[in-house]
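This report concerns only the one structure given below.
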Amino acid sequence: MSDASSQRLLQWIDALRGGGIDVHGVTARWHPSWPESLMLRGASVTRLLPPPRNNWNEGQFQKHVVAWLGHHVDNYDSIYVDRSDGLLAAISAKASRWRKPLIARFSLDGDTQGVAKGQWLGPAAAADACRRCDRIIAPSAAAHRVLISQGIESQIIERIPDWVASHAPRTSEARAAAAGSLFQVSSDLVIPARTELIVHYGTAEAEQLKPVVTAVCDLLDRGASVRLWTLGGGSPSVEVHDLVKDRGWHREILQFDGVDDLEEFASVADLAIVSNPSVAYQFSALMFLQSVVPLISVDGVETKSWLAEGQTNKH
């Protein structure tokens, strides 16, 4: 639950529960030792096997989700699918028999986290998977236009931009407190005096992250007093680790996995870098911007969409 899309979804679950709506999440159980059922922020969660790591498992996972819904659908008022992919197509093919409103999120973010290779749908196929839905959430004008261009009726499309509910305090006192809290979590999370902190958050391929790391190494070679923390990107990249080691800056450039709370990092960061806008503009980039953290972003559809629509203040 540390990637930006999960943060976005968790925030929405919080908002729904705050409005008095009960939520039950169904997701994959990525390891057999994990419990099948749990409570997360007051919402019930069921995790099903097999984890969809490959095309065959993805097909089995979709069957199990559809079967679970068939057994439990009478307990709920509606079904929401957070991504327009093969799972949505499988659910929508059966949804008419359940007679429950089906809602899906359609975006152009290209986020393939947790999707088996070969299962990701292009914009046209993803829009087609939405065709049987009662309502479709489009987080951007570009996504809205694609749905219309694919013949989706405009009256079932709801424009709900991705958003961040809060921001991180950045007063001197708040930054000092956040730095102290982070150091308590790990002694590696230390910011030396008169050192600028650069933060990169979220899943990113090695080829996306390497230019960021190389640029910071170049700054360090020139005597800049900076540190780079890459956060919540999954297992540390061997390629990136070797690059940092070869350049001799392994104490100044660190990779951390499993980060699921950005507020303290947003309090202490002097600069945020986005190399993966398809994921980051769902939550983390907006969190940094709303917290008035200077941000450098790779160009992309999501960046252009946000700049055009001005979802938050631009910094």
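Throughout, residue positions are numbered sequentially from 1 according to the sequence presented.
For the atom pair CD of E252 and CZ of R247, the computed distance is 12.0 Å after rounding to the nearest 0.5 Å. In this structure, OG on S37 lies 8.5 Å from CZ on R29, to the nearest 0.5 angstrom. Note that CZ of F256 and CG of L189 are 4.0 Å apart. Values are rounded to the nearest 0.5 Å. Atom CD1 of I13 and atom NE2 of H24 lie 10.5 Å apart (nearest 0.5 Å). For the atom pair D188 CG and L254 CG, the distance stands at 6.0 Å (nearest 0.5 Å). Here L182 contributes atom CG and W229 contributes atom CH2; the two are 5.5 Å apart, rounded to the nearest 0.5 Å.
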Kindly determine whether V293 and R170 satisfy side-chain contact (heavy atoms from CB on, under 4.5 Å), including the steps that lead there. CA-CA 9 Å; V293 179; R170 289 178 56 80; 3.5 Å; yes
Where do I91 and V66 land on the side-chain contact (heavy atoms from CB on, under 4.5 Å) test, with the steps shown first? CA-CA 6 Å; I91 292 172; V66 171; 4.2 Å; yes
side-chain contact (heavy atoms from CB on, under 4.5 Å) between H144 and I157: does it pass, once the steps are laid out? CA-CA 7 Å; H144 196 151; I157 303 171; 3.8 Å; yes
Candidate pair V199 and F288, rule side-chain contact (heavy atoms from CB on, under 4.5 Å), full reasoning: CA-CA 10 Å; V199 170; F288 287 122; 3.7 Å; yes
Residue pair Q11, Q7: steps toward the side chain to side chain donor-acceptor pair (under 3.5 Å) verdict: CA-CA 6 Å; Q11 179 181 246; Q7 295 282 351; over 6 Å; no
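At a threshold of 4.5 Å between non-hydrogen side-chain atoms, the residues E36 and L48 count as touching. Here the side chains of R8 and D82 are in contact, with some heavy-atom distance below 4.5 Å. Residues V226 and L220 have side chains in contact (heavy-atom distance under 4.5 Å, counting atoms from C-beta outward). In this structure, F106 and V146 have side chains that are in contact, with non-hydrogen atoms separated by less than 4.5 Å. Contact of the Y76 side chain with the L69 side chain is not registered, since no non-hydrogen atoms from C-beta on lie closer than 4.5 Å. By the 4.5 Å heavy-atom criterion applied to side chains, Q150 and D128 are not counted as neighbours. No side-chain heavy atom of P50 sits less than 4.5 Å from a side-chain heavy atom of W30. Residues L88 and R83 are not in side-chain contact: their nearest non-hydrogen atoms beyond the backbone lie 4.5 Å or more apart.
For L243 against V213, the heavy-atom pair with the smallest separation is CD2-CG1, 3.8 Å. Nearest heavy-atom pair across L147 and A138 is CD1-CB, 4.2 Å. Minimum interatomic distance between A179 and V268 (heavy atoms only, all atoms of both residues): N-CG1, 3.6 Å. Listed here is the closest heavy atom pair of P169 and E263: CD-OE2, 3.9 Å. Of all heavy-atom pairs spanning Q62 and A90, the tightest one is OE1-CB, 3.8 Å. The minimum heavy-atom distance between W98 and G70, with the atom names listed, is NE1-CA, 3.7 Å.
Residue L197 is not grouped with residue V216 when hydrophobic side chains (ILVMFWY) are merged at heavy-atom distances under 4.5 angstrom, including chains of intermediate members. With hydrophobic clusters built from ILVMFWY side chains whose heavy atoms lie under 4.5 angstrom apart, Y201 does not share a cluster with V244. Under the 4.5 Å side-chain heavy-atom criterion for grouping Ile, Leu, Val, Met, Phe, Trp and Tyr, L16 is not connected to L10 through any hydrophobic cluster. Under a hydrophobic-cluster definition in which Ile, Leu, Val, Met, Phe, Trp and Tyr are linked whenever side-chain heavy atoms come within less than 4.5 Å, directly or via other members, I21 and I79 are assigned to different clusters. There is no path of hydrophobic side-chain contacts, each under 4.5 Å, that joins I198 to V274.
Although no hydrogens or angles enter the test, the distance criterion places a donor-acceptor pair under 3.5 Å between the side chain of R159 and the main chain of P139. Side-chain atoms of R227 come within 3.5 Å of backbone atoms of V190 as a donor-acceptor pair (strictly under, hydrogens ignored). When atom types are taken as modelled, the side chain of R47 and the backbone of W34 share no donor-acceptor pair closer than 3.5 angstrom. Side chain of T195 to main chain of I191: no donor-acceptor pair is present (N/O by atom type, distance under 3.5 Å, no hydrogens or angles). Under a 3.5 Å cut-off, the side chain of H250 and the backbone N or O of H241 do not form any donor-acceptor pair. In this structure a side-chain-to-backbone donor-acceptor pair under 3.5 Å is missing from R41 to R17. With hydrogens and angles disregarded, a donor-acceptor distance shorter than 3.5 Å links the side chain of S225 to the backbone of R194.
At most 12 heavy atoms of other shown residues, nucleotides or ligands fall within 6.0 angstrom of atom CG in D77. By the 6.0 Å contact criterion, CD on Q155 is enclosed, its count of non-hydrogen atoms from other residues, nucleotides or ligands being greater than 12. A 6.0 Å sphere centred on NZ of K100 holds more than 12 heavy atoms belonging to other residues, nucleotides or ligands.
When the options I137, D134, I156 are evaluated for a side-chain contact (heavy atoms from CB on, under 4.5 Å) with I103, the one that passes is I137.
Between Y80 and W12, the two ring planes are perpendicular [angle over 60°; tilted spans 30° to 60°].
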